[in-house]
Amino acid sequence: MDHTAVWTTYGRDRKPSPGHEDVLRLVRSATRAEPGGRVETLAVACELCGPGGGGFEVAKGECFCVGCCIPIGIYDGDVHPPAYPWSLEPSGAPLPPASPGPGFEPSDLPCCPDGHDVFEAAVALSFAADGTVRGISVGLKCPEDGAMLLYIDNARVVRK
């Protein structure tokens, strides 16, 4: 199954909301909680650069701060430091492409429909009743035109 980028665009008659509200709503709606569990959403900000760090570039399934190039840790668990190291498995939707090796394929580097490649990012984490992280969704929002992409759709978190 291929990972297909399906962007939400606004057209001329609707403007995106300022801030992270739209992309937080997108990731929250994609993430399923187990019975007795919960879902937490957060707008991602680089710990070093802070909220004004300039956004994130995306490559090979990871989001990198444009200010310092540090990844947020989607695939390994660093996005939620209190947890444990993890890997991801696809749920109903495939994971984003990540070509092996040091080079990049065009599919490794998403752009919005207008060609922008720096994004605001939001994450939704699904927790079991015991507090174990069970799932993750990642959304991207273009700050230039408001286009949004559900980049990772409710992937299963597997403890390493």
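Just so it is clear, the values below take in all heavy atoms, side chains as well, and ignore hydrogens, waters and symmetry mates. We number each residue from 1, following the sequence as shown.
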Kindly compute the distance separating [atom1] ([X]) from [atom2] ([Y]), expressed to the nearest 0.5 Å.
X: Leu26; Y: Thr31; atom1: CG; atom2: OG1; value: 9.0 Å
X: Leu140; Y: Leu150; atom1: CG; atom2: CG; value: 9.0 Å
X: Ser126; Y: Glu34; atom1: OG; atom2: CD; value: 6.0 Å
X: His20; Y: Glu120; atom1: NE2; atom2: CD; value: 4.5 Å
X: Lys160; Y: Trp86; atom1: NZ; atom2: CH2; value: 11.0 Å
X: Leu24; Y: Leu42; atom1: CG; atom2: CG; value: 7.5 Å

Do [X] side-chain atoms and [Y] backbone N/O form a donor-acceptor pair below 3.5 Å?
X: Glu62; Y: Ile74; result: yes
X: Tyr84; Y: Val133; result: yes
X: Arg134; Y: Phe127; result: no

For [X] and [Y], which heavy atoms make the closest approach, and how far apart are they?
X: Cys49; Y: Cys65; value: SG-SG, 3.7 Å
X: Gly54; Y: Val118; value: O-CG1, 3.3 Å
X: Ala59; Y: Leu109; value: CB-CD2, 3.5 Å
X: Val66; Y: Phe56; value: CG1-C, 4.1 Å
X: Ala147; Y: Pro113; value: CB-CD, 3.9 Å

Quiz item: Would you say Tyr75 and Ser87 make side-chain contact, with heavy atoms under 4.5 Å?
Solution: no

Quiz item: Would Val158 and Leu88 satisfy side-chain contact (heavy atoms from CB on, under 4.5 Å), going step by step from the backbone distance to the final call?
Solution: CA-CA 6 Å; Val158 179; Leu88 298 182; over 6 Å; no

For the hydrophobic clusters of this structure (ILVMFWY residues joined by side-chain heavy atoms under 4.5 Å, transitively), does one cluster hold both [X] and [Y]?
X: Phe119; Y: Phe64; result: no
X: Leu95; Y: Val138; result: yes
X: Val123; Y: Val39; result: no

Exercise. Return each pair, listed once, that meets side chain to side chain donor-acceptor pair (under 3.5 Å) where at least one residue sits in residues 36-47; pairs must be two or more places apart or across chains.
Key: Arg38-Glu40

Quiz prompt | Those residues that, when tested against Asp114, pass side chain to side chain contact (heavy atoms under 4.5 Å, CB included) (two or more places apart) | solution = Cys112, His116, Asp145

Quiz item: Taking only residues two or more places apart in sequence or in another chain, which ones pass side chain to side chain contact (heavy atoms under 4.5 Å, CB included) with Ser29?
Solution: none

Exercise. Kindly indicate, with the supporting measurements, whether the criterion side-chain contact (heavy atoms from CB on, under 4.5 Å) is fulfilled by Ser137 and Ile152.
Key: CA-CA 5 Å; Ser137 293; Ile152 295 179; 5.7 Å; no

